> 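Please read through the structure below; I'll follow up with questions.
All values derive from a computational prediction rather than experimental measurement.
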Amino acid sequence: MSNFKSIVSLQFFFFSSISLLLLIPSCLAYNVVNFGAKGDGKTDSTAPFLRAWMSACSSTSPSNVYVPKGTYLIRPVTFTGPCRSRIEFRIDGTIVAPVDYNIIGSSNFWILFYKVSRLSIYGGTIDAKGHSFWSCRRSGHSCPPGARSITLSWCDNVVVSGLKSLNSQIMNMAIDYSSHVRIEKIRIRSPSGSPNTDGIHIENSRDITITDSIIQTGDDCISIGSGSMNMWIQKIGCGPGHGISIGSLANSLNEAGVQNITVANSVFTKTQNGVRVKSWARPSNSYAKNLIFRNLVMRNVGYPILIDQNYCPDNNCPQQV
């Protein structure tokens with residue numbers, strides 16, 4: 001009899017739990033198409049994306065900005081917080097930049113998330129169409145400075161999962177002045193000859209995890225700048241590219257250092273370097289400490305581990321002291 005009572009109690013708890021779950025409201029969805037976005041790859045959908053974001057960001061309940069299947073053209077855009085509740089940006093389609101590289105190239109940023117907390121970005125593809133910009137850079141003509149494809153600035157508690165970034169003008173992804181960011185299962189692809197197209201660049205940020213990702217690019221797969229600490233990087237497929245770099249450090253006398261960085265269980269294929277620490281040969285308060293590199297596989301790599309304290313690109317060197 002006691003066993004029967006236990007079974008009944010368990011069944012009651014099970015079905016009661018289901019009932020409670022059914023009562024929990026799902027995220028409020030804000031589909032960009034309902035705000036006027038067109039998935040034809042030609043219509044400027046910047047304003048509809050912003051309207052959907054502002055509606056979701058002002059919601060007191062958890063909300064979702066949804067980009068359905070299709071190709072959506074957007075100009076430089078800033079998604080600004082803080083938002084009133086947790087917010088999700090889910091992409092099932094493709095977001096593309098305008099063909100004229102000057103439109104985003106003069107802005108420094110293409111897609112910027114600024115002062116947003118409790119943000120999740122899932123899936124989808126972003127394509128900055130950087131080919132004509134790279135051609136301008138290689139030609140020596142006067143070109144705009146170029147735009148980062150996606151940037152997290154002054155953000156906290158962020159997850160980016162399943163995103164694919166193609167053909168950035170310069171950096172595919174940048175993280176600055178942010179904390180508690182997890183990047184997972186992303187794919188980054190720019191041609192090996194594309195100039196300064198870092199995969200992921202981090203600076204002045206802490207508690208960053210990057211895992212289970214493939215990065216193919218023309219510059220560093222991951223670059224870690226000053227003021228970065230508490231980073232865990234693992235299960236990265238890097239190549240082509242310049243490897244995973246810390247620095248360049250010592251750009252100025254008073255500069256924050258880098259500490260507590262782990263790179264583990266990753267594969268480097270046909271990269272210029274594997275893991276690298278680079279600093280200018282000039283006086284500085286900067287430093288690099290508590291660096292761990294372990295279980296790394298190097299395949300046809302130029303310099304598997306490189307520590308360069310006389311970093312001097314383009315033969316434009318400061319006077320060594």
Side-chain angles (χ1 to χ4, degrees), residues 126-128 130-131 133-135 137-138 146 148-150 160 163-175 183-203 205 208-226 228 231-251 258 260-280 288 290-315:
I126 60 172
D127 187 350
H131 297 83
F133 174 78
W134 306 328
S135 296
R137 291 284 295 271
R138 284 191 290 262
R148 303 170 173 186
S149 286
I150 184 167
V160 181
L163 181 71
K164 181 185 290 185
S165 175
L166 307 176
N167 306 314
S168 64
Q169 288 190 350
I170 46 173
M171 300 171 184
N172 282 270
M173 179 178 292
I175 302 168
I183 310 295
E184 61 182 18
K185 299 177 182 177
I186 68 167
R187 301 292 181 267
I188 290 174
R189 189 172 73 234
S190 297
S192 59
S194 55
N196 301 114
T197 51
D198 285 6
I200 305 173
H201 176 73
I202 306 102
E203 63 182 40
S205 296
I208 310 294
T209 299
I210 306 171
T211 186
D212 296 293
S213 297
I214 295 175
I215 304 174
Q216 301 167 303
T217 187
D219 208 304
D220 294 335
C221 291
I222 300 172
S223 58
I224 302 166
S226 62
S228 299
M231 292 186 57
W232 180 270
I233 299 169
Q234 73 164 357
K235 296 183 180 178
I236 304 298
C238 171
H242 292 179
I244 295 178
S245 291
I246 296 173
S248 55
L249 302 177
N251 283 317
V258 173
N260 302 337
I261 310 294
T262 298
V263 181
N265 308 320
S266 296
V267 178
F268 298 77
T269 305
K270 296 182 179 180
T271 54
Q272 184 186 77
N273 311 292
V275 287
R276 174 172 57 159
V277 182
K278 54 184 180 178
S279 65
W280 296 92
N290 297 336
L291 311 180
I292 299 174
F293 304 136
R294 70 182 182 213
N295 298 334
L296 304 179
V297 177
M298 307 288 176
R299 297 172 176 166
N300 299 318
V301 172
Y303 299 94
I305 299 178
L306 178 62
I307 299 176
D308 182 2
Q309 292 183 285
N310 190 24
Y311 181 60
C312 179
D314 305 320
N315 293 316

> Please report the closest heavy-atom contact between Cys238 and Gly243, naming both atoms and the distance.
SG-CA, 3.8 Å

> Have a look at Phe268 and tell me which of Ile244, Asn300, Ile236, Val297 forms a side chain to side chain contact (heavy atoms under 4.5 Å, CB included) with it.
Ile244

> Are Val267 and Arg299 close enough, and set up right, to give a side chain to side chain contact (heavy atoms under 4.5 Å, CB included), and what steps lead you there?
CA-CA 8 Å; Val267 178; Arg299 297 172 176 166; 3.9 Å; yes

> So how far is it from Leu306 CG to Lys278 NZ, rounded to the nearest 0.5 Å?
9.5 Å

> Less than 4.5 Å apart, side chain to side chain, heavy atoms only: is that true for Ile233 and Thr211?
no

> Apply side chain to side chain contact (heavy atoms under 4.5 Å, CB included) to the pair Asn290 and Ile261, showing each step before the final yes or no.
CA-CA 7 Å; Asn290 297 336; Ile261 310 294; over 6 Å; no

> Can you name the residues that form a side chain to side chain donor-acceptor pair (under 3.5 Å) with Asp308, not counting sequence neighbours?
none

> Is there a donor-acceptor contact under 3.5 Å from the side chain of Ser135 to the main chain of Phe133?
no

> Ile222 and side chain to side chain contact (heavy atoms under 4.5 Å, CB included): which single residue from Ile183, Ile202, Ile188, Thr217 fits?
Ile202

> Are there more than 12 heavy atoms of other residues, nucleotides or ligands under 6.0 Å from atom CZ of Arg189?
no

> Give me the atom names and distance for the closest heavy-atom approach of Ser266 to Ala264.
OG-O, 2.9 Å

> Under 3.5 Å, is there a donor on one side chain and an acceptor on the other for Asp220 and Ser245?
yes

> Are any non-hydrogen side-chain atoms of His131 and Asn167 less than 4.5 angstrom apart?
yes

> Do Ile200 and Ile210 come close enough that some side-chain heavy atom pair is under 4.5 Å?
yes

> At what distance, to the nearest 0.5 angstrom, does CH2 of Trp134 lie from OG of Ser168?
6.5 Å

> Can you tell me how far the CD atom of Gln309 sits from the CG atom of Leu249, to the nearest 0.5 Å?
10.0 Å

> More than 12 non-hydrogen atoms from neighbouring residues, nucleotides or ligands closer than 6.0 Å to CZ on Arg138, yes or no?
yes

> Output all residues satisfying side chain to side chain contact (heavy atoms under 4.5 Å, CB included) with Asn251, sequence neighbours left out; order by chain, then residue number.
Ser248, Glu255, Trp280, Arg282

> Looking at CG of Asn172 and CG of Leu163, how far apart are the two atoms once the value is rounded to the nearest 0.5 Å?
9.5 Å

> Would you sort out whether Gln216 and Arg187 count as a side chain to side chain contact (heavy atoms under 4.5 Å, CB included), showing the intermediate values?
CA-CA 8 Å; Gln216 301 167 303; Arg187 301 292 181 267; over 6 Å; no

> Could you tell me which non-hydrogen atom of Gly225 sits nearest to which non-hydrogen atom of Ser228, and how far apart they are?
O-OG, 2.9 Å

> I need the Gln234 CD to Asn295 CG distance, nearest 0.5 Å.
10.0 Å

> Under 3.5 Å, is there a donor-acceptor pair between the Arg137 and Asn196 side chains?
yes

> With a 4.5 Å cut-off on side-chain heavy atoms, are Val258 and Ile224 touching?
yes

> So, taking the atom named CE in Met171 and the one named CD in Gln169, what distance separates them when rounded to the nearest 0.5 Å?
13.0 Å

> Would the number of heavy atoms belonging to other residues, nucleotides or ligands and lying under 6.0 Å from CZ of Phe293 be above 12?
yes

> To check you understand the geometry: which heavy-atom pair defines the closest contact between Gly146 and Ile170, and what is its length?
O-CD1, 3.6 Å

> Any ion pair linking Arg148 and Asp198 (charged N to carboxylate O, less than 4.0 Å)?
no

